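Encoded as C-alpha cells, the structure appears first; notes follow it.
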There are 2 protein chains.
Amino acid sequence: MTRSEENYLKAIFHLGGGDSKSITTNAIAEQMETKPSSVTDMAKKLSEKGLVDYVRYQGVSLTEAGVQTALSIIRKHRLWEVFLVKKLDFTWDEVHEVAEQLEHIKSEKLIDKIDELLDFPKYDPHGDPIPTKDGKFQERDEKLLSEMPINSKGVCVGVKDSSVPFLKFLDKNNIALGNTIQILDKEDFDNSLRIRMEGNEMRISHQIASNLFVKKNS
Amino acid sequence: MTRSEENYLKAIFHLGGGDSKSITTNAIAEQMETKPSSVTDMAKKLSEKGLVDYVRYQGVSLTEAGVQTALSIIRKHRLWEVFLVKKLDFTWDEVHEVAEQLEHIKSEKLIDKIDELLDFPKYDPHGDPIPTKDGKFQERDEKLLSEMPINSKGVCVGVKDSSVPFLKFLDKNNIALGNTIQILDKEDFDNSLRIRMEGNEMRISHQIASNLFVKKNS
DNA sequence: CATTTAATTTAGACAAAACGAAAAATAAAT
DNA sequence: ATTTATTTTTCGTTTTGTCTAAATTAAATG
Ligand SMILES: [Mn+2]
Ligand SMILES: [Mn+2]
Ligand SMILES: [Mn+2]
Ligand SMILES: [Mn+2]
C-alpha cells in the first residue's frame, strides 16, 4: 500500500464513498488538488487491488476492504493529532499538516502504543471521532450551531471547517471545544446569532455558526 | 530533499564520507542494498545539489551542507529511537525499523518538541550519540571491550553491531547498557574473556567482546 | 609495458505517479 | 432528435528511482 494509494482511499472516504455511493473523478481530483486524469489512473489501480468498485464514467466507491483501510489511516491521522496537542503542545491549527505525514508510518505496534499513551481518546483536537482499532466509528448526537433553536443550550464539540484561518479565528474569539453555549436570539436579516458562551454574550455570524458542531443538552 | 536522497546522505556519512574521505560506489551500494549503477545516478544528482563532491571513478564525499543534512537525519533517527523506548516501551531491537520511517518526517517543531519531551537525551538506545540541533557530535571516551586490559573496570555504554540477533542475544544473557564490567581474565587460545558483570562472573567470546563499547573507569 | 581483472559508468528499459492535450462518452439544452 | 456543453478517459510525456547489460576506466599482474 503506497502513500498515494492511502491518500486516495482517505479522500474517497471523506467524500462519502464508504456508503457504496459513487464518487466522481472530478470530485476526488478537486479534494486532492490533482487532475481528473490522474484520478482515473488510480481508480483503475485501486480497482485491480479490490479496494474500490470502479465503473467507467460513473465513479468509484470503496469496497469493504477499502473502507477498512481508509479507517485505519484516519485512525492514525487523528491519534497523531491528539498526540501532538496533548504531549507536544502543538496548537489545533498546526497538527493537520504533520499528521498528514505521520499517518503513513507503517507500524501497528506504534499506533497502538500511541493510543495507549493518550489513554484511548475518542475524539481528535477538532472534535472528529477516532475510529477504533477494528474500524468502528462512534458517532455523536450533534448538530450545527446554526440549526439550534432559540434558548437551547449545548456544548461546543467540533468544527466542520478545520482550516487554519477558521481555527485561528476561533482562538482569537475565545471559542473553544468544551465551551457551553446558549442561543439567546436569531437575527432574521443576516441569520446571525446572539449567544452566551461561558458567561459572555457575543454575536456570531451565520458563516461561523454553520461551521460549529454543538452537542445539545438533554 | 527526497527520502531517497536523505537515505543516501546518511549511508555516505556512516561510511565515513563526512571527513572528506572518498566513499566508493560499491561500498554505498552494499550499505544500502542497492546496485552500483543506481548509486552513480544519485551521486550525480547530489553533486548537482552541492551535497556531495563526486569525482568519476573515485567516489563521493559529503560537502559541509551534506554533512549537516546527514546529521539532521541521524539526529531525528536517534531521537525517535529514544522516544520509542522511553515513552512507548519498545525494546531496543524493535526501534530501528520504525525510526527509519520516522526520520523522514518534515517538521522542525516536531523533532524539537520530542527532544524536549525526552529531556534532551545525549545517546540513543544503542549508545550512539545524538547530534545537537546545530549538528555537533558529543564523542565519548570509549573503547571496545575486547581491547580492555586485564583487571580494568568500566561501564557498558554501547553496541557496535546493532542487529536484531545481536541485541536479542545480549538481552538473553542479561548484558545491558549501564552494566559495570570488570575484566578478570583473557584466554589466549580463542581470545575469549572472563568478566564480572553486575556481580556475576561469566565468559564472553571475542565475537561478542569486539562488539561492545565500554567506558573505562577513571 | 601489455594484459587481465575488477570497479565504475553509460545506455536502455521499466514502474510509479503525475500532467496536458485531445478523443470519447455522457449529460444538458434546444 | 440534434446539437451543445460537460465530464471522463485515453494517449503521450515527464520525473524519480531503480535495474540489467554493455562499455569504459583504473588497478593489478606478470
Ligand atoms: Mn487533520
Ligand atoms: Mn496523507
Ligand atoms: Mn537505528
Ligand atoms: Mn531512512
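Below, chain A is the first sequence line, B the second, and so on; all start at residue 1. Since we're looking at a predicted model, the values are computed, not measured.
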If the cut-off is 4.0 Å, is A:Ser38 near the phosphate of C:dC19, judged by side-chain N/O to OP1 or OP2? yes
For D:dT9, does OP1 or OP2 lie under 4.0 Å from any side-chain N or O of A:Thr25? yes
Over all strands shown, is B:Ser37 touching base, sugar-phosphate only, or nothing at heavy-atom distances under 4.0 angstrom? base
Of A:Asp41 and B:Thr40, the one whose nearest nucleotide on DNA chain C sits closer to the 5' end is B:Thr40
Report yes if at least one side-chain N or O of A:Tyr54 is closer than 4.0 Å to OP1 or OP2 of D:dT8; otherwise report no. no
Phosphate oxygens OP1/OP2 of D:dT18: is one of them under 4.0 Å from a side-chain N or O of B:Tyr8? yes
Please determine if A:Lys106 and A:Glu6 form a salt bridge, counting it only when a charged side-chain N lies under 4.0 Å from a carboxylate O. yes
Answer with yes or no whether the side chains of B:Glu81 and B:His126 bring together a donor and an acceptor at under 3.5 Å. yes
Side-chain N or O of A:Ser4 closer than 4.0 Å to phosphate OP1/OP2 of C:dA16: no
Can you find a side chain N or O atom of A:Asn26 that sits less than 4.0 Å from OP1 or OP2 on D:dT6? no
Measure the NE2-CD1 distance between B:His104 and A:Ile105 for me, rounded to the nearest 0.5 Å. 9.0 Å
B:Phe213 and B:Tyr123: aromatic ring centres closer than 6.0 Å? no
Quick one: which of C:dA18, D:dT20, D:dT24 gets closest to the side chain of A:Met42? C:dA18
Look at A:Thr34 and C:dC19 and indicate whether a side-chain polar atom (N or O) is within less than 4.0 Å of OP1 or OP2. yes
